[in-house]
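Chain identifiers are assigned alphabetically (A, B, ...) following the order of the sequence lines, protein sequences preceding nucleic acid strands; residue numbering begins at 1 within each chain. Model, not experiment: these values are computed from the prediction. Basis for what follows: all heavy atoms, side chains included, without hydrogens, waters or symmetry-related copies.
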Amino acid sequence: MLNRTKMIAGLIAGVGIALSAGGAQAETLRLLTWGGYAPEKVVQMFKAETGIDVQVTNSNNEEMISKLRATGGAGFDLVQPSQDRISGAQGDFNIYKPIDLSKIDTSLFIPSLLEGTKKNTTYNGKVYGVPDVWGTSALTVNVKKAPDVKDYTDLCDPKYAGKVSYRLKRPTLIAFAFAMGMDPFAAYNDSSKYKVIMEKVEKKLISCKSNVKAYWSGGDALLNLMRSGEVVAAMAWDGSGWKLSAENPDIQTIAPKSGALGWVDTFALPRKTKNESAAYKWINFVMQPKIAAMVTAAAGNFTASKGSDAYVEASKRALYQKTFPPAAIDNIKWYPPVPSGLEDMEGKVLDHVKAAK
Amino acid sequence: MKASTTGKLSIYLLLAPLAVWLFTLIILPHIDMFLISLHERVAPRVYRTSLANYAEFFNEPLYWRTFARTAIMSIVATAITLVVAFPISYYIAKMLRGRLKAVLFLLCLVPFWVSELVRTFGWMILLRESGIFSAVLQWTGLASAPVEMLYNDATIMLGLVYTSMLFMVVPLVTTLDSLDDSLVEAGYDLGGNGLTVLREIIVPHAMPGIVSGCIVVFMLTLGNYLTPVLLGGKDSMWFTAQIYTQFITRFNWELGSAFGFLLLGLSSLIVWSGLKLSRQTLSGTMG
């Protein structure tokens, strides 16, 4: 009997300690982001400085929006969708909260990127996002084995049958439209015009299908295909190509003739964020040039932090400058916000391409 | 009288957690999903009730072709699994005794100690162009160039059969175990050959096991997501992958829910007709 009382007392004490310990370090920032955007080292430095734990969940654009849609914008304190996926999703599902720019140290940002993102993420007169990591969809090419690939449509060259790869997602549709001499962004708000463009792209992608080894879906799958030599040219994120260049100098990232497609991943607040102050602290922390350079090292892409490239490894900077001489940078096509409803149309096209023999 | 009421009450109390679980985790979400499937999006944040999502399925050949393809491939995969698993199960249940029997049964289980994802990646490592089989074929001189064995329907079939094997072997071994050896001997004594004994004695006895194995394998295959997506080629579509796409990459929960209900209807229909054809009842095979 005595033993049992002791045991119960011990249990209660134990629970009490556990609870109070939990209470002492309760502050956490739940971050929904892309792989590499919150490296372990940065998370630890942030904790040392502010005492806030960062809980990182890796995801992609579509999953981020789906997760927030399911909960009406709860479950996370800070999310990082691309800038073109904010105002449309806000219009449809009401999942974000406007950003209070006075709480952000705007002097840390490259002004043109900040202004562009503010403009692109504005919905009903309010700004919903500030820029973080940016990069392009370009071509990753083994220049020894596929010397003639200069633009997206060159992936359909019969010379490289069975040796190319790209994703079956919306960037591919847009890239091919540009390479075929059309301007899909100009047709974004005219659905009948956009439909004509998409129909032409659909035909092209179906005729190109026999050239494709496999449609890649994750970054690692593409790296494997290129490393093993099963694929000699692909449409891919610039960062993947630079990663491969370090292992095999024959594999390079090339800005396509028709222009690389530029994306900017943002910081955005979910509508039911619970720890807003920690979210702002995190933004101001990771945008410091030295920290941003660490993010670049982990994610493989550059950030909107002003002056951070000075701290990035020289070899990485050289690869970037080789892919993007000034003329190629001016030729980058930045994604404008996607009007709602467009994705249904594109989805059908992707399904048709996938089902075609 | 009093004793029987308390007995009943305790049974209800015992069943209550199960009922709550069934209701909150299965019935409630399904009702919600059905209501969502009746929504039609007319403008941002504006929906109206209609059957448009179901109409979309029947008007777009792509969707019902994927649907039919998934159903047919699942039925074929179930049949192949049965044909492969039956001799194995018979061998384990009837030919072996003691420890060897346990070891062999365990061997069927071993692949299931790793997750489905790892198993599927295993097949990818073996079958890809720069993979092990291709290398062996070139080394032995049977092939002069790398051979690509991934990304086609045969590979999907292989993956599906491999994944469902255990779920066929277990019910078959259980039912075959209960078959009295003297019945088989009697069959031979009465002048039957191997084929007639199989047809008249073994298969009828194993029928409940066959049917329950087939139902489980068919359901698992129909709802499989990883195997068709990872092993399938450029044009291989699977209906569950379509549902995933609608929900996650198109944010079109309305169409996704409608697809979910069509899949539920299809699987129920096929299982029901399977039971009718084999003249079995669900309670008879599962009970």
Engineer: Given the options B/Thr66, B/Thr245, B/Ile248, which has more heavy-atom pairs under 4.5 Å with chain A than any of the others?
Structural biologist: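 When all of B/Thr66, B/Thr245, B/Ile248 are compared, B/Ile248 has the most.
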
Engineer: Who among A/Lys67, A/Lys209, A/Glu343 has the most heavy-atom pairs with chain B under 4.5 Å?
Structural biologist: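 Top count of heavy-atom pairs under 4.5 Å with chain B: A/Lys209.
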
Engineer: Does any backbone or side-chain atom of A/Leu350 lie under 4.5 Å from a heavy atom of chain B? Answer side chain, backbone, both or neither.
Structural biologist: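 Only the side chain of A/Leu350 comes within 4.5 Å of chain B.
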
Engineer: Do the side chains of B/Glu148 and A/Lys213 get close enough for a salt bridge, i.e. N-O under 4.0 angstrom?
Structural biologist: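 Result for this pair is yes, salt bridge flagged.
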
Engineer: If the threshold is 4.0 Å, N to carboxylate O, is there a salt bridge linking A/Arg227 and A/Glu247?
Structural biologist: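 Counted as a salt bridge, because a side-chain N and a carboxylate O are separated by less than 4.0 Å.
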
Engineer: Test your reading of the model: is there a side-chain donor-acceptor pair from A/Arg69 to the backbone of A/Phe93, 3.5 Å cut-off?
Structural biologist: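 A pair under 3.5 Å: no.
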
Engineer: Does either side chain, that of B/Ser50 or that of B/Glu40, offer a donor lying less than 3.5 Å from an acceptor on the other one?
Structural biologist: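 Their side chains do contain a donor-acceptor pair, which is all the 3.5 Å distance test asks for.
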
Engineer: Under 4.5 Å from any heavy atom of chain B, what part of A/Ala356 do you find: side chain, backbone, both or neither?
Structural biologist: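 Just its backbone gets close to chain B.
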
Engineer: Assign the ring pair A/Tyr215 / A/Tyr166 to parallel, tilted or perpendicular, where the plane angle (0 to 90°) is split at 30° and 60°.
Structural biologist: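 Judged by the thresholds at 30° and 60°, the geometry between A/Tyr215 and A/Tyr166 is tilted.
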
Engineer: B/Leu62 versus chain A, heavy atoms under 4.5 Å apart: side chain, backbone, both or neither?
Structural biologist: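 The side chain, not the backbone.
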
Engineer: More than 12 non-hydrogen atoms from neighbouring residues, nucleotides or ligands closer than 6.0 Å to CZ on B/Phe34, yes or no?
Structural biologist: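 For B/Phe34, atom CZ is not crowded (no more than 12 foreign heavy atoms under 6.0 Å).
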
Engineer: Let me know if B/Tyr47 has heavy atoms under 4.5 Å from chain A in its side chain, its backbone, both or neither.
Structural biologist: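 Side chain only.
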
Engineer: Are B/Glu116 and B/Asn224 linked by a side-chain donor-acceptor pair shorter than 3.5 Å?
Structural biologist: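 On atom types as modelled, these side chains qualify, holding a pair under 3.5 Å.
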
Engineer: Does any backbone or side-chain atom of B/Tyr63 lie under 4.5 Å from a heavy atom of chain A? Answer side chain, backbone, both or neither.
Structural biologist: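 Interface part for B/Tyr63: side chain.
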
Engineer: Highest number of heavy-atom pairs under 4.5 Å with chain B: which of A/Lys348, A/Glu63, A/Glu346, A/Lys169?
Structural biologist: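 Looking at each option in turn, the highest pair count goes to A/Lys348.
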
Engineer: Is B/Phe251 close to chain A through its backbone or its side chain, or both, or neither, when contacts mean heavy atoms under 4.5 Å?
Structural biologist: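 Its backbone and side chain both get close to chain A.
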
Engineer: May I ask you to name which of A/Ala89, A/Gly91, A/Ser228, A/Gly88 has the most heavy-atom pairs under 4.5 Å with chain B?
Structural biologist: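 Going by pairs under 4.5 Å, I would pick A/Gly91.
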
Engineer: With a 4.5 angstrom heavy-atom cut-off, is it the side chain or the backbone of B/Arg41 that approaches chain A, or both, or neither?
Structural biologist: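 The side chain, not the backbone.
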
